[in-house]
Amino acid sequence: MVSKDTQEVIQLSIVRIENLTKKYGNIVAVNDLSLSINEGEIFGLLGPNGAGKSTLINMITSLITIDEGNIYIKDTNTKSNPLLTKSFTGIVPQDIAIYEDLTCLENVKFFAGLYGLRGKELKSKAMEALEFTGLSDKAKDFPKGFSGGMKRRLNIACAIAHNPEIIIMDEPTVGIDPQSRNHILQSVKELNRRGCTVIYTSHYMEEVEELCSRIAIIDYGKVIALGTKQELKSIVKHKNEVWVTVKNNIDKIVQEELKEIPGVTDVEIYENTVMVYSMHESENLESIIAYFTSKGLGILQIESKVPDLETVFLTLTGRKLRD
Ligand code: ADP
């Protein structure tokens with residue numbers, strides 16, 4: 001896999017996307033996008049609704065055609081051998097895709113059967129997948145009355161029974177209860193621990209931060225930033241925020257004086273609120289408070305915020321991930 005002698009680590013790419021474009025009429029859903037996903041990692045695709053994540057995933061799994069560019073999975077071009085490249089992947093689509101008039105076991109057997117599993121092996125793999133998703137006692141039940149979270153877990157069982165090397169999950173936690181959400185996040189970690197490469201799309205930055213070793217931030221069909229969460233956050237290391245609200249409207253001079261405090265990178269004033277940006281780890285909160293106290297500005301409220309991936313997105317695009 002990834003380890004080598006001494007300290008050196010070689011990253012082998014398992015999915016290689018080169019100059020990929022997909023258009024729907026005038027909409028460029030994926031725009032000349034290139035990306036490499038390494039074997040054994042949990043790779044996050046983070047972006048707002050409409051960014052192009054599902055379109056990208058649907059091309060990786062050959063569910064839709066590619067307009068321009070190429071995708072290689074384990075060095076095989078998806079255009080030249082889609083059956084083979086599909087067999088390397090298991091997809092958990094955004095919209096739950098299960099048959100409500102089949103039992104859980106029948107559902108998993110149906111999907112795993114599409115990948116060529118038959119007979120005893122099919123049944124045992126299907127049962128293993130149900131066990132993994134905590135649904136083995138529901139094997140003979142019909143999913144009709146299941147909660148959204150349970151249906152999603154069944155969908156995951158359907159995607160993993162054929163033991164794919166790459167699991168692709170498209171917004172798997174949208175609209176489900178917290179318990180199932182937690183179950184899904186733990187399943188992703190466990191699948192990865194067992195050796196699966198996971199591609200995980202979300203517009204919830206908290207999930208991506210928790211799960212993913214590397215993250216691509218996608219906007220308007222393009223990768224606008226790529227790296228580990230530490231690398232991405234370093235884009236905004238000057239953006240530690242402290243908001244101070246005082247009794248009265250603030251004079252312009254305060255802006256200039258606050259900029260003299262070590263670590264402060266910018267100051268903005270909105271009526272009686274001051275927003276002070278500082279370099280990460282500059283530990284100047286006490287100095288900022290001391291300034292307001294020394295000027296007798298009567299602090300009403302203080303809030304501080306360490307930059308997160310939302311800050312990164314906001315800084316790069318001027319927009320929020322979620323509206
Ligand atoms: P995401 O998964 O990030 O929410 P999508 O890939 O679903 O984004 O959509 C990217 C863009 O392509 C959006 O503007 C969306 O409206 C458009 N789009 C996606 N699928 C279709 C389709 N089948 N027909 C027309 N437009 C589409």
Side-chain angles (χ1 to χ4, degrees), residues 15-37 41-71 73 78-79 82 85-86 89-98 148 151-152 155-156 158-159 166-176 181 184-185 188 197-212 214-227 229 232 308-323:
V15 178
R16 218 169 66 243
I17 299 162
E18 292 180 355
N19 306 103
L20 202 66
T21 294
K22 179 78 185 177
K23 292 179 188 161
Y24 294 107
N26 291 333
I27 298 169
V28 187
V30 171
N31 189 357
D32 194 25
L33 183 147
S34 298
L35 199 58
S36 254
I37 293 156
E41 71 179 339
I42 305 181
F43 189 90
L45 292 171
L46 177 69
N49 280 327
K53 306 181 295 296
S54 295
T55 306
L56 173 59
I57 274 176
N58 290 340
M59 286 190 278
I60 296 174
T61 50
S62 300
L63 288 174
I64 57 172
T65 55
I66 293 170
D67 286 352
E68 284 168 46
N70 291 292
I71 301 174
I73 304 183
T78 56
K79 286 179 192 164
T85 55
K86 274 184 188 179
T89 63
I91 170 125
V92 182
Q94 190 164 8
D95 297 321
I96 290 171
I98 50 174
K151 285 183 184 171
R152 180 62 83 186
N155 223 178
I156 293 174
C158 294
I166 305 162
I167 310 274
I168 303 174
M169 294 196 179
D170 194 359
E171 304 258 10
T173 60
V174 168
I176 62 169
R181 176 180 176 272
I184 289 170
L185 298 187
V188 171
T197 303
V198 181
I199 304 175
Y200 191 94
T201 88
S202 184
H203 63 284
Y204 296 126
M205 56 126 199
E206 306 87 348
E207 281 182 7
V208 172
E209 279 210 57
E210 178 181 338
L211 289 175
C212 301
R214 285 193 313 140
I215 299 156
I217 300 183
I218 312 278
D219 195 32
Y220 292 116
K222 278 191 170 296
V223 175
I224 58 166
L226 171 70
K229 61 185 173 209
L232 292 176
D308 53 22
L309 294 179
E310 180 79 51
T311 324
V312 176
F313 189 78
L314 188 67
T315 304
L316 292 174
T317 67
R319 285 174 289 116
K320 289 186 171 175
L321 267 170
R322 271 174 284 172
D323 292 319

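As the structure lists them, so they are numbered: ligands from 1, and atoms in each ligand from 1.
If you number the atoms of ligand 1 from 1 as listed, the ones under 4.0 Å from a heavy atom of Ala29 come out as 10 (C), 11 (C), 12 (O). The atoms of ligand 1 that sit less than 4.0 Å from any heavy atom of Pro48 are 3 (O). Within ligand 1, counting atoms from 1 as listed, the ones closer than 4.0 Å to a heavy atom of Asn49 are 4 (O). Listed by number with element, the atoms of ligand 1 under 4.0 Å from a non-hydrogen atom of Ala51 are 1 (P), 3 (O), 8 (O).
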Audit row: Lys22, Thr65, side-chain hydrogen bond (donor to acceptor under 3.5 Å, both in side chains) steps and yes/no: CA-CA 8 Å; Lys22 179 78 185 177; Thr65 55; 3.3 Å; yes
Worked check of side-chain contact (heavy atoms from CB on, under 4.5 Å) between Asn19 and Glu68: CA-CA 7 Å; Asn19 306 103; Glu68 284 168 46; over 6 Å; no
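Scanning the protein for heavy atoms near atom 6 (O) of ligand 1, the closest one is Thr55 OG1, 2.5 Å. Nearest non-hydrogen protein atom to atom 7 (O) of ligand 1 is Ser54 CB, 3.8 Å. Scanning the protein heavy atoms around atom 4 (O) of ligand 1, the nearest turns out to be Gly50 N, 2.7 Å. Atom 8 (O) of ligand 1 has Gly52 N, 3.1 Å as its closest protein atom, hydrogens excluded (heavy atom only). From the protein, the heavy atom lying nearest to atom 16 (O) of ligand 1 is Ile27 CD1, 4.6 Å. Counting protein heavy atoms only, atom 19 (C) of ligand 1 is closest to Tyr24 CE1, 3.5 Å.
A 6.0 Å sphere centred on OH of Tyr204 holds more than 12 heavy atoms belonging to other residues, nucleotides or ligands. More than 12 non-hydrogen atoms from other residues, nucleotides or ligands lie less than 6.0 angstrom from NZ of Lys79.
When all heavy atoms of Ile199 and Val15 are compared, the pair lying nearest together is CD1-CG2, 4.4 Å.
Each of Ile60, Thr61, Leu35 was compared with Ile71 under the side-chain contact (heavy atoms from CB on, under 4.5 Å) criterion, and only Ile60 meets it.
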Which donor-acceptor pairs under 3.5 Å do side chains of residues 49-57 form with protein atoms, sequence neighbours excluded?
from, atom 1, to, atom 2, distance (Å)
Lys53, NZ, Gly47, O, 2.8
Lys53, NZ, Pro48, O, 3.0
Ser54, OG, Gln94, OE1, 3.0
Ser54, OG, Asp170, OD2, 2.7

